[in-house]
Amino acid sequence: MSTPRDFQEYESKWQKAWEEQGLYHASQPGERKTGEKFYGLIEFPFPSGAGLHVGHPRSYVAIDVLTRKKRMEGKNVLYPIGWDAFGLPTENYAIKMHVKPQDATAANISNFRRQMQSMGFGFDWNREVNTTDPAYYKWTQWMFLQFFKSEFDASTGRAVYVKDREAPVKENRSEERGARSEGNSPRPTPHAPRPDRMAYKSTTTINWCPSCKIGLANEESIGGVCERCGTSVEKREKAQWMIRITTYAERLIEDLSKVNYLERIKKQQIDWIGRSEGAMIDFGAWGVGRGAWEDQIIRVFTTRPDTLFGVTYVVLAPEHPFVEEWVKSGAIKNADEVKAYQKETTKKADVDRTAEGKDKTGVKLDGVTAINPANGEEVPVFIADYVLAGYGTGAVMAVPAHDRRDFDFAQFYSLAIKEVIKLPEGVTKKQVTRGTGLGNWVGHPIEFQITDALGKILGFEYQNLGATCHDCPGTLINSGTFNGLQTEDAKKKISSWIEEQKKGGPTVTYKLRDWIFSRQRYWGEPIPIVICPSCGYVPVPEDQLPVLLPDVDSYEPTENGESPLAKIRSWVETTCPHCGGKAERETDTMPNWAGSSWYFMRYCDPHNDAAFASPEALKYWMPVDLYDGGMEHTTLHLLYSRFWHKMMWDLGLIPESVGSEPYKARVSHGLILAAGGEKMSKSKGNVINPDEVVGEYGADVFRCYMMFIGPYDQHAPWDTNGIEGVKRFLDKVWRLFEEERGARSEEREDQTVELETIYNQSMKKITADIDGLAFNTAISQLMILTNAFTDAGGVPENMVEGYIKILAPFAPHLAEELWSSDGHRSGSVHMSGWPQYDASKIVSAVFELVIQVNGKVRDRIQVASDISEADAKAKALASEKVQNYLAGKEPKQVIYVKGKLVSIVI
RNA sequence: GGGCUCGUGGCGGAACAGGUAUACGCAAGGGACUUAAAAUCCCUGGCCGCAAGGCAUGUGGGUUCGAUUCCCACCGGGCCCACCA
């Protein structure tokens, strides 16, 4: 009888031993280890009250397996862990349960830590960080101040410090919008000089969640609802701290070429940034009370400058500043109607406003017209909510003949539809249902003509497309005057003509908005700024950091949208560091994306209190070699932290040699779903508690199952039976060593050769699979190897160590127990070196040659591995089955694939 | 509407520089051991057929000696974005 495996006993024994030995502590540069570094990173969790979800450990185990292998290979491995602990859920919990967020966080962290430690991760617990620790957020605040003290230098495309860093910034009362990027302002000519600080305060329309009572970043308002609670988001005007991420839009796209991210992650980032090439075009505003129409211009953004001659009206977003101005000046005759429409728009949540298929609405501005700079045509001006204030210039030129939305609107209001391509008399046309856009028309007969004016600009008069209609033999006229390259050509020509005329010119816009950095909540890093009535925004002197969160009793958000901190007068009231007069502290706090934007740097040197990390430590450890995280963080955390790193690098706070990107590689894991394939959720009652699994099966079974459950990058449903199978596998490993090893004494020669082959194959495959994150097939190969040993009656002596070693990353406790149980091995298996394989033993002496006749497998014969092509073909043709098919005829063709098959064509 | 992905046994999934489809595991059936059960071990297993053989990787075509893999069209899931001018 075998002794049952008592994992309870040895798992905790080894966990303790490893901790005491400091087995997983990474050495700082210059310390004992000399090996190359490897920095593996998983997203540090938010310590919620619910404890660790089974989904969390999937990536922790995966990167643990990988880093354990790297460590065994002799690398100096950094695999750190910490807590992203600021955030709304804890604050809400604190309000509900009448506890302090600090206390709730501490309790949650110790629960998470206990859970993680029970799973045997090789985390370096010496480097644990916590974003809510004043010793940590001191540096988050310090970094914010660096951004406040720097500005964007357009000539180099980098953030640079301003000349007088400690100088206050006067309150900025201009109407600048949050959504500024190059050429992205609703005003063509901004008046007052505006401080171009990387961190700036600005009154802006924000997404306001009425339930959380908090302003949301654009990225947090998904489909018009709050990402956290699902409540419809409202618009609100509010002064907010912003970070000028839009200035980095281009580099955030470009630098993706320097890193090794999954393609879909790169693509999602690029789409989010939403680069779009087009042109700004200035239309004159006529009837607004200025003398000449050039005095006030409506600047529009378009990606289709080639359709300029098809403009039949101009549309402004209802929020466009001109509208209010013209209402005030009396230029608009139907002001009441316009005001009513504006009011209606602000009431609507974004979801309603942007729902597709919704009828287009709008109001004509009576008394105002626009002048087309290309041909001097006067066209009507509308406001309509299908034009978004935050994108482009908040104004568009409408070309109903070539744009679906403009067409819908024109239909509704019976506006002119003017094609850029003029069809000859008598040509019938019908709309084609397939293809892009509205403007695909079929013209019969083939000839058509473009307007004279456009033709002159483009330098030609006639253009034949040559594309044929799907439904009839007629020629297809593309939506935009021309197709393919010709459209691009037309766009370029018109854009540069516009530029020559000084009526705008080519430009690039982005969907990306500046990062709203203010939160009107308690549980976050206080923004270290003092607001002085005479000086303006004054940075808190760096030697006074951190600005501590005050100890308070109530965390309720205020009805007027101010932070709960605003109520704590003793904290708010302070003196101005600049003039010494009475002043108040900024009461906004930072979003929880702040602390997580740089935690990977703190891990490099977590106990440093003179700097966020020493340059030596950063130089040695950064960039992160492999970063694993959820797809849901691709447009939030990943983008923010890349941006943050770039700003710091530009300012010289990160050594030049680290490079502009913080992560060399980024991978993503699939979710663990409930048994039915649904998401696990408390309400459905289908949540698996990892504590129970670890308690019942042990950490090693849990870990191996996590790795075996399916392809790492795909979602996988939890299967209670599946875990039983993995338990049996590890029991089998145990038994191999417990009872049957002696049975291997009477070895058989042929069996040993076979085991050699499978052993060496396994070492090779598992090694490659770990590096390729193909953990499920690595486990299956371990099972194959284990089954082979079981069949053979034990593990041959010369394979014992390699076998335990290759098992070690997956089942570290069992491997350590087996490693030590012999008594003649010293040290830990986890530092024992990675097993090598003998390539010469991977190929067996014979193989099964497959014989195909006309593509179908008809026979298989055993042949020597080094068989010659001629012999293989001869043997194949000599096969009885092949002879039956040949029936005396000569084969037309015989193909030999080395080591695989012979294919005979009759 | 746009983009990205994926369709292989009863289930999770293997195998794609084109070369033995269904590895490994689960579940299932049969057997051994046991007074019995658990545990363990052995055997069977894509489908149809007694067999020879035929048909099988969502469907239909194509390229090839040979296609799960490449190309075209379609069908069906999933995810993301979406009035971005």
Side-chain angles (χ1 to χ4, degrees), chain A residues 1-2 4 179 222-223 263-264 267-268 270-272 274-276 278-279 300-305 307 315 317 350 353-358 360 384-388 390-399 402-406 408-409 436-437 509-512 631-632 634-635 670-671 675 677 705 708-711 713-726 728-729 731-732 735 774 776-787 790-791 847-860 891-906:
Chain A
M1 288 299 283
S2 64
I222 306 297
E263 275 313 308
R264 61 193 164 120
K267 199 177 172 307
Q268 216 169 304
I270 291 167
D271 284 354
W272 189 264
R275 185 180 198 276
S276 170
V300 304
F301 172 72
T302 181
T303 55
R304 296 292 308 276
T307 61
V315 192
D350 254 7
R353 188 168 159 185
T354 61
E356 209 196 347
K358 179 189 82 79
K360 305 271 181 294
D385 65 7
Y386 81 90
V387 173
L388 307 174
Y391 182 74
T393 60
V396 303
M397 59 180 221
V399 189
H402 301 284
D403 182 275
R404 160 65 62 185
R405 295 151 299 175
D406 296 343
D408 290 346
F409 191 76
T436 53
T509 60
Y510 303 90
K511 288 186 203 171
L512 187 69
M631 281 307 282
E632 72 275 18
T634 301
T635 50
L671 298 175
Y705 178 59
F708 188 59
I709 195 165
D713 58 352
Q714 283 171 36
H715 297 180
W718 183 265
D719 178 7
T720 309
N721 290 323
I723 199 163
E724 286 286 345
V726 172
R728 272 175 230 160
F729 156 60
D731 283 348
K732 222 182 243 187
R735 248 179 280 123
N776 55 331
T777 50
I779 296 281
S780 95
Q781 191 63 38
L782 270 173
M783 288 171 168
I784 290 169
L785 182 62
T786 302
N787 290 343
T790 302
D791 291 346
F847 75 97
E848 201 171 59
L849 181 74
V850 168
I851 305 168
Q852 294 183 343
V853 178
N854 288 341
K856 288 196 164 35
V857 179
R858 294 302 179 187
D859 204 1
R860 294 153 209 239
K892 280 191 197 135
Q893 196 183 356
V894 180
I895 294 160
Y896 174 63
V897 182
K898 195 171 186 305
K900 297 253 157 104
L901 52 76
V902 173
S903 181
I904 300 164
V905 186
I906 299 176

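Proteins get letters first, then strands, A, B, ... in listed order; numbering begins at 1 in each. Since the model is a prediction, treat every value here as computed from it, not as a measurement.
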Under a 90° cut-off about 0 for the syn range, is rG76(B) syn or anti?
anti
side-chain N/O Tyr391(A) vs rA85(B) OP1/OP2, d < 4.0 Å:
yes
Length of the CD-P vector between Glu263(A) and rC6(B), whole Å:
13 Å
Between rC4(B), rG12(B), rC65(B), which nucleotide has the shortest distance from any of its atoms to the side chain of Lys267(A)?
rC4(B)
Using a heavy-atom cut-off of under 4.0 Å over every strand shown, decide if Ile709(A) touches base, sugar-phosphate, or nothing.
sugar-phosphate
Closest of rG19(B), rC55(B), rC83(B) to the Val897(A) side chain is rG19(B)
Taking atom P of rU20(B) as reference, at what distance in whole Å does atom CD1 of Ile851(A) sit?
15 Å
Base, sugar-phosphate or nothing for Arg858(A)? Non-hydrogen atoms, less than 4.0 Å.
sugar-phosphate
Complementary nucleotide for rA37(B) - Watson-Crick or wobble, under 3.5 Å
none
Could you tell me whether Asp731(A) and Arg735(A) have a side-chain N and a carboxylate O separated by less than 4.0 Å?
no
Asp859(A) CG to rU20(B) C1', straight-line distance once rounded to whole Å
12 Å
Using the C1' atom on both, measure rC83(B) against rC71(B) and round to a whole Å.
36 Å
Protein-nucleic acid N or O pairs under 3.5 Å, nucleotides 23-26 of chain B:
residue, atom, partner, partner atom, Å
rG25(B), OP1, Asn787(A), ND2, 3.1
rC26(B), OP1, Arg728(A), NH1, 2.7

Can you tell me how far P in rC6(B) sits from the matching atom in rG66(B), rounded to whole Å?
27 Å
If we take the P atom in both rG58(B) and rU8(B), what is their distance in whole Å?
6 Å
Taking the side chain as every heavy atom from C-beta outward, state whether Val897(A) and Gln852(A) have any atom pair closer than 4.5 Å.
no
One should read off an interatomic distance between Asn776(A) CG and Tyr705(A) OH, to the nearest 0.5 angstrom, of 12.0 Å
If I take atom CG in residue Asp713(A) and atom C1' in nucleotide rC79(B), what distance separates them, rounded to the nearest angstrom?
13 Å
If the P atom of rU57(B) is compared with that of rG46(B), how far apart are they to the nearest Å?
16 Å
What do the steps show when you test Phe708(A) against Leu782(A) for side chain to side chain contact (heavy atoms under 4.5 Å, CB included), and what is the final call?
CA-CA 11 Å; Phe708(A) 188 59; Leu782(A) 270 173; over 6 Å; no
Within this structure, what is the NE2-CD1 distance for the pair His715(A) and Ile709(A), rounded to the nearest 0.5 Å?
12.0 Å
What's Ser903(A) touching, base or sugar-phosphate or nothing? Going by heavy atoms closer than 4.0 Å.
base
Distance, P atom - from rA14(B) to rC80(B), rounded to whole angstrom
23 Å
Could you please spell out the steps behind the side chain to side chain contact (heavy atoms under 4.5 Å, CB included) verdict for Asn787(A) and Lys732(A)?
CA-CA 8 Å; Asn787(A) 290 343; Lys732(A) 222 182 243 187; 2.9 Å; yes
Steps toward side chain to side chain contact (heavy atoms under 4.5 Å, CB included) verdict (Thr307(A), Met397(A))
CA-CA 9 Å; Thr307(A) 61; Met397(A) 59 180 221; 3.7 Å; yes
Could you work out the separation of rG61(B) and rC43(B) based on their C1' atoms and round it to a whole Å?
44 Å
Looking at rG1(B), which nucleotide sits across from it as a Watson-Crick or G-U wobble partner, both distances under 3.5 angstrom, or is there none?
rC81(B)
Does Lys892(A) reach a base, just sugar-phosphate, or nothing at all? Heavy atoms under 4.0 Å.
nothing
Quick one, Arg728(A) with Glu724(A), criterion side chain to side chain contact (heavy atoms under 4.5 Å, CB included). Give me CA distance, side-chain angles, the key distance, then yes/no.
CA-CA 6 Å; Arg728(A) 272 175 230 160; Glu724(A) 286 286 345; 4.1 Å; yes
Roughly, in whole Å, what's the span from CG in Asp385(A) to C1' in rA85(B)?
14 Å
Ile895(A) CD1 - rG18(B) C1' separation (whole Å)
12 Å
rG29(B): pairing nucleotide in any strand, Watson-Crick or G-U under 3.5 angstrom
rC43(B)
Select from Val857(A) and Gln268(A) the residue whose nearest nucleotide in RNA chain B is closer to the 5' end of that strand.
Val857(A)
P atoms of rA27(B) and rC41(B), separation to the nearest Å:
13 Å
Using the C1' atom as the reference point in each nucleotide, state the distance between rA21(B) and rU69(B) in Å, no decimals.
11 Å
Who does rU59(B) pair with, Watson-Crick or G-U, both distances under 3.5 Å?
rA73(B)
Just checking Glu848(A): base, sugar-phosphate only, or nothing, at a heavy-atom cut-off of under 4.0 Å?
base
Report the distance from atom OH of Tyr386(A) to atom C1' of rA82(B), rounded to the nearest whole Å.
17 Å
NA contact type, Gln852(A), heavy-atom cut-off 4.0 Å: base, sugar-phosphate, or nothing?
base
Taking any heavy-atom pair under 4.0 Å as a contact, classify Val850(A): base, sugar-phosphate, or nothing.
base
Just so I know, are the side chains of Asp406(A) and Tyr386(A) near enough to count as touching, which here means a heavy-atom distance under 4.5 Å?
yes
Between rC6(B) atom P and Gln714(A) atom CD, what is the distance in whole Å?
8 Å
Measure the shortest side-chain to side-chain distance between Ile851(A) and Leu901(A) over non-hydrogen atoms and say whether it is less than 4.5 angstrom.
no
